[in-house]
Amino acid sequence: MTDEPAPVMAPEDFQQRLLAWFDRHGRHDLPWQKPRTPYRVWVSEIMLQQTQVATVLPYFERFMGRFSTIEALAEAEQDEVLHLWTGLGYYARARNMHKSARLVVQQHDGELPVHDMDAMLALPGIGRSTAGAIIAQSTGRRAVILDGNVKRTLSRLHALPGWPGQPRVERKLWELAEHYTPSCRLTDYTQAVMDFGATLCRRGQPECSRCPFNDVCIANVRGEQKRFPESKPKKTLPVRRAWMLMLNDARGRIWLEQRPPAGVWGGLWTPPQFDDQMSLRAWLDQHVPGAIVSSPEPVFTHTFSHFRLEIIPQPVRCDRLDAVREGGCWYDPEFPPALGVAAPVKLLLERQAPFALKPQDSPGKRGG
DNA sequence: AACCCGTGGCC
DNA sequence: TGGCCAAGGGT
């Protein structure tokens, strides 16, 4: 039953070809490489999880400008950390990184335990691949990574069957990654495999004609580069509905409440959200008696990776500030509080309120 | 083991 | 345009 896909070349050969390519075509001036400290590498690796480099760049600069040390991050409020993460997505990364910063200050004297793999894995938000990336890049010691780039590269190199999300396939990919990882120049090697996958062996339109492995790559020799890695089995997206109460006061502010610490947009601030119109009415009867609910506006659809959300905004005028319950805040567009606000919600605020949000509040958007 | 968790780029 | 996916990890 062991049809083990044998490595197609020796580690030394792989390393030599890859690093020769990297020296000429790799990225050598990414911001987290300038001072390549463990903290800066850590922040970049967390932001780069499931997120492309171009998206991360402005967020990284702003984040480091505010939290230049791990102590500064540890001392901050979670709300401010989430605020700087607004628009980047996967907000558990920010919550976990904030938690980890406090753990490192308390238990490791403020130094990331980059010489202790188990201690790294014990930090929330750092798994096997991210730990390997941080250790290899910041110390140069041997550590193995297996990110999407490496998975794609190794899948093609060996024409590895199966979707990489399958544990059995992923185990083999880890074995292969272990095989090819060299013992020296780990900083360059780790950056090189990621650059290689991101810029040459990319998902669509890989540049096989310029690839240093095109003579040994099984997928290329077969002319089947696009078949690997095999795609994830598709499934239909569930649809959820959310009635969002856009509570406006006389000054054009909107009432926001903090969401539970886990789940969608965990810890972020949104207008009061309800699953149906009845619970919305019930809430209004209790907190804003006499409020007039308008007929449902056209839904505002947002597609997540795993479900589709149909947002139904409900603008309601509310002039009595004390009518609203505790635990929320008025969101003032002129002086927005440093809170985390999800991207679609921000869009909603722009549309519903008689104002425009300030462009510098959204590092992902250019030009404004 | 299968889900859950965001957003933007790409074709 | 809509489906697919990206420097994954937690549960």
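Just so you know, these numbers come straight off a predicted model, no measurement behind them. Chain A is the first sequence line, chain B the second, and so forth, proteins listed ahead of strands; every chain is numbered from 1.
Here A/Trp85 lies out of heavy-atom contact (under 4.0 Å) with every strand. Contact annotation for A/Ala342: backbone-only contact, meaning every heavy-atom pair under 4.0 Å involves sugar-phosphate atoms and none involves a base. In this structure, A/Leu88 reaches the bases: a heavy-atom distance under 4.0 Å links it to at least one base atom across the strands shown. At a threshold of 4.0 angstrom between heavy atoms, the contacts of A/Thr51 include nucleobase atoms, whether or not backbone atoms are also involved. A/Leu121 comes within 4.0 angstrom of no nucleic acid atom, judged by non-hydrogen atoms across all strands. A/Ala133 comes within contact range of no nucleotide atom at all, as no heavy-atom separation falls under 4.0 Å. Within 4.0 Å (heavy atoms only), A/Gly87 reaches sugar-phosphate atoms of the nucleic acid but no base atom. Looking at heavy-atom distances under 4.0 Å, A/Ser231 makes contact with sugar-phosphate atoms alone, never a base. Residue A/Val56 is classed as having no contact, given no heavy-atom separation below 4.0 Å to the nucleic acid.
Side-chain N/O atoms of A/Gln52 include none lying less than 4.0 angstrom from OP1 or OP2 on B/dG9. An OP1 or OP2 oxygen of C/dC4 is reached within less than 4.0 angstrom by no side-chain nitrogen or oxygen of A/Trp163. At C/dC5, none of the side-chain N or O atoms of A/Arg152 fall inside 4.0 Å of OP1 or OP2 (strictly under the cut-off). The phosphate of B/dT7 (OP1 or OP2) has a side-chain N or O of A/His302 nearer than 4.0 angstrom. For A/Lys234, a side-chain nitrogen or oxygen approaches OP1 or OP2 of C/dC4 to under 4.0 Å. Taking side-chain N and O atoms only, A/Tyr91 has a distance below 4.0 Å to OP1 or OP2 of B/dT7.
Nearest nucleotide to the A/Val264 side chain, out of B/dC5, B/dT7, C/dG9: B/dC5.
Residues passing the salt bridge (Lys or Arg N to Asp or Glu O under 4.0 Å) test with A/Arg142, sequence neighbours excluded: A/Glu178. By the salt bridge (Lys or Arg N to Asp or Glu O under 4.0 Å) test, A/Arg185 is found to be paired with A/Asp23, A/Asp188, residues two or more places apart in sequence or in another chain being considered. Take A/Arg95 and apply the side-chain hydrogen bond (donor to acceptor under 3.5 Å, both in side chains) test, not counting sequence neighbours, and it matches no residue.
Looking only at distances, no side-chain donor or acceptor of A/Asp13 sits under 3.5 Å from a matching main-chain atom of A/Ala10. In this structure, the side chain of A/Thr86 engages the main chain of A/Val341 through a donor-acceptor pair within 3.5 Å.
Spacing between atom CD of A/Gln50 and atom P of C/dC5 amounts to 11 Å, rounded to whole angstrom units. Remark: C1' of B/dT7 and CG of A/Leu48 are 14 Å apart, rounded to the nearest angstrom. One interatomic measurement links the two molecules: OH of A/Tyr90 to C1' of B/dG8, which rounds to 12 Å at whole-angstrom precision. If you take CZ of A/Arg308 and P of B/dG6, they are 17 Å apart, rounded to a whole angstrom. Rounded to a whole Å, the CD1 atom of A/Ile311 is 13 Å from the C1' atom of B/dG6. The distance from atom NE2 of A/His306 to atom P of C/dG9 is 18 Å, rounded to the nearest whole Å. At whole-Å resolution of the value, CZ in A/Phe307 and C1' in C/dG3 are 17 Å apart. One interatomic measurement links the two molecules: CG of A/Leu57 to P of B/dG9, which rounds to 13 Å at whole-angstrom precision.
Among residues at least two apart or in separate chains, side-chain hydrogen bond (donor to acceptor under 3.5 Å, both in side chains) pairs with a member in residues 227-237 of chain A are A/Glu224-A/Arg227.
In this structure, a donor-acceptor pair under 3.5 Å is absent between the side chains of A/Thr199 and A/Arg27. At a cut-off of 3.5 Å, with distance as the only test, a side-chain donor of A/Asp79 or A/Trp269 sits close to an acceptor on the other residue.
Minimum interatomic distance between A/Pro38 and A/Ile134 (heavy atoms only, all atoms of both residues): O-CG2, 4.4 Å. Nearest heavy atoms, A/Pro206 versus A/Cys201: CB-CA, 4.3 Å. Taking all atoms of both residues into account, the shortest heavy-atom contact from A/Gly197 to A/Asn149 is C-OD1, 3.3 Å.
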Nucleotide N/O of nucleotides 1-3 of chain B paired with protein N/O under 3.5 Å:
from, atom 1, to, atom 2, distance (Å)
B/dC3, OP2, A/Lys235, NZ, 2.9

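One C1' atom belongs to C/dA7, the other to B/dC3, and the distance between them is 22 Å to the nearest Å.
For residues 177-211 of chain A, proximity to DNA chain C is found at A/Gln191, A/Met194, A/Ala198, A/Arg203, defined as any non-hydrogen atom under 4.0 angstrom from a strand atom.
Between the side chain of A/Thr130 and the base of C/dG9, no donor-acceptor pair of N or O atoms lies under 3.5 Å.
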